[in-house]
S.K.: 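Just passing along the structure, written as C-alpha cells.
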Amino acid sequence: VQLQASGGGHVQTGDSLRLSCAASGRPLASYQMAWFRQPLGKEREFVATINPPGFERHYADSVKGRFVIYRDDAENTLYLQMNSLKPEDTAVYYCAARSNAWSVYASNYNYWGQGTQVTVSS
C-alpha cells in the first residue's frame, strides 16, 4: 500500500487542523493505521492509532482529548483532526500502516507516508 499524507500547515496556538492520509494500491480496510510525528532533532513518536473497523483507538497522553483519529475506508483515507494545537505539537506528521494489531512503536509499521509539516506558533 502507498500512503500520501497532506493537510499540514502553519497555525496559531489554539487553532485546529485536519491531516489526511490517502492510501492507494490496496484497501485501507486491510490495515491497522496510525499517526506518528517527529519534532525537529527528536525521535519519531506515536500519536494515535485506529484498528481496521475503526472502533478501537489509542492516543498518546500528550494529545488525548485534543486529537481524534478516524478513517473512511470507502474513501481509502485516514484522518487526524487536531484541535487546541500547542507549539509543542510542531513536528512532521507521518501516517503509517501495518497488517497486525496496534502498536506504539514506529519500527512495527511497514508502510509510511512521506510526512506533512505542522507548525504551531505561540
S.K.: Is Asn108 reaching over with its side chain to a backbone N or O of Ser103, donor-acceptor style, under 3.5 angstrom?
M.R.: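 No, Asn108 side chain to Ser103 backbone: no donor-acceptor pair under 3.5 Å.
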S.K.: Do Trp112 and Leu80 sit in the same hydrophobic cluster, where Ile, Leu, Val, Met, Phe, Trp and Tyr count as joined when their side-chain heavy atoms come under 4.5 Å apart?
M.R.: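 No, because Trp112 and Leu80 fall into different hydrophobic clusters, even though each may have its own neighbours under 4.5 Å.
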S.K.: Hydrophobic clusters here meaning ILVMFWY residues chained together by side-chain heavy-atom distances under 4.5 Å, can you tell me if Val92 and Val11 are in one?
M.R.: no
S.K.: Suppose we screen for salt bridge (charged side-chain N to carboxylate O under 4.0 Å, His left out). Which residues come up paired with Arg66, at least two apart in sequence or across chains?
M.R.: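 Expected list: Asp89.
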S.K.: Is it the case that atom NZ in Lys42 sees more than 12 heavy atoms from other parts of the structure closer than 6.0 Å?
M.R.: no
S.K.: Counting only heavy atoms from other residues, nucleotides and ligands, does the tally under 6.0 Å from CZ of Arg57 exceed 12?
M.R.: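 Counting neighbours around CZ of Arg57, more than 12 heavy atoms of other residues, nucleotides or ligands fall under 6.0 Å, so yes.
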S.K.: If you look at every heavy atom in Ala91 and Gln117, which pair is closest and at what distance?
M.R.: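 Reported closest heavy-atom pair: O-NE2, 3.4 Å.
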S.K.: Rounded to the nearest 0.5 Å, how far does CD of Gln12 lie from OG of Ser121?
M.R.: 5.0 Å
S.K.: If you compare all heavy atoms of Thr116 against all heavy atoms of Ala5, which two are closest, and at what distance to 0.1 Å?
M.R.: CG2-CB, 4.3 Å
S.K.: Following the transitive rule for hydrophobic clusters with a side-chain heavy-atom cut-off under 4.5 Å over Ile, Leu, Val, Met, Phe, Trp and Tyr, establish whether Val104 and Val47 coincide in one cluster.
M.R.: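 No.
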S.K.: Over all heavy atoms of both residues, which pair between Gln32 and Pro52 is shortest? Give the atoms and the distance, please.
M.R.: OE1-CD, 3.8 Å
S.K.: Test side chain to side chain contact (heavy atoms under 4.5 Å, CB included) on Gln4 and Gln114 and set out the steps.
M.R.: CA-CA 6 Å; Gln4 179 80 26; Gln114 84 290 0; 3.3 Å; yes
S.K.: Run the side chain to side chain contact (heavy atoms under 4.5 Å, CB included) check on Cys21 and Trp35 step by step: do they pass?
M.R.: CA-CA 9 Å; Cys21 176; Trp35 289 97; 3.8 Å; yes
S.K.: Donor-acceptor pair, Thr90 side chain versus Val120 backbone, under 3.5 Å?
M.R.: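 Yes, because the side chain of Thr90 sits within donor-acceptor range (under 3.5 Å) of the backbone of Val120.
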S.K.: Check whether NZ of the Lys or CZ of the Arg Arg44 lies under 6.0 Å from the centre of the six-membered ring of Phe36 and within 45 degrees of that ring's axis.
M.R.: no
S.K.: Would you please indicate yes or no on a ring centroid separation below 6.0 angstrom for Tyr70 and Tyr79?
M.R.: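 Tyr79 vs Tyr70: aromatic centres under 6.0 Å.
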S.K.: Can you tell me how the ring of Phe67 sits relative to the ring of Tyr93, calling it parallel under 30°, perpendicular over 60° and tilted otherwise?
M.R.: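 Tilted: the ring planes of Phe67 and Tyr93 meet at 30° to 60°.
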S.K.: Of all heavy-atom pairs between Ala97 and Val1, which one has the smallest distance, and what is that distance?
M.R.: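 That would be CB-CG1, 4.5 Å.
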S.K.: What's the shortest heavy-atom distance between Ile69 and Ala34, and which atoms?
M.R.: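 In terms of heavy atoms, the two residues are closest at CD1-CA, 4.3 Å.
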S.K.: From Glu43 CD over to Arg37 CZ, what is the distance, rounded to the nearest 0.5 angstrom?
M.R.: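 One finds 14.5 Å between CD of Glu43 and CZ of Arg37.
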S.K.: Find the distance between CD (Glu56) and CH2 (Trp102) and round it off to the nearest 0.5 Å.
M.R.: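 It comes to 7.5 Å.
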S.K.: Looking only at heavy atoms, what is the nearest atom pair of Asn51 and Arg71, with distance?
M.R.: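 In terms of heavy atoms, the two residues are closest at O-NH1, 2.9 Å.
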S.K.: Rounded to the nearest 0.5 Å, how far apart are OG of Ser20 and CG of Leu78?
M.R.: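 Between Ser20 OG and Leu78 CG, I get 8.5 Å after rounding to 0.5 Å.
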S.K.: Within the 4.5 Å heavy-atom criterion, are Ser99 and Tyr31 side-chain neighbours or not?
M.R.: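 A side-chain contact under 4.5 Å exists here.
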S.K.: How long is the gap from CG on Leu19 to OH on Tyr94, to the nearest 0.5 Å?
M.R.: 13.0 Å
S.K.: Could you tell me whether the side chain of Val118 reaches within less than 4.5 Å of the side chain of Met82, counting heavy atoms only?
M.R.: yes
S.K.: Can you spot which of Thr49, Thr77, Leu3 makes a side-chain contact (heavy atoms from CB on, under 4.5 Å) with Met33?
M.R.: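 Going through the options one by one, the only one that passes is Leu3.
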S.K.: Any chance the rings of Phe46 and Tyr59 have centres within less than 6.0 Å?
M.R.: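 For Phe46 and Tyr59, the ring centres are not under 6.0 Å apart.
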S.K.: What is the distance from atom CG of Leu85 to atom OG of Ser122, rounded to the nearest 0.5 Å?
M.R.: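 Here the rounded value is 13.0 Å.
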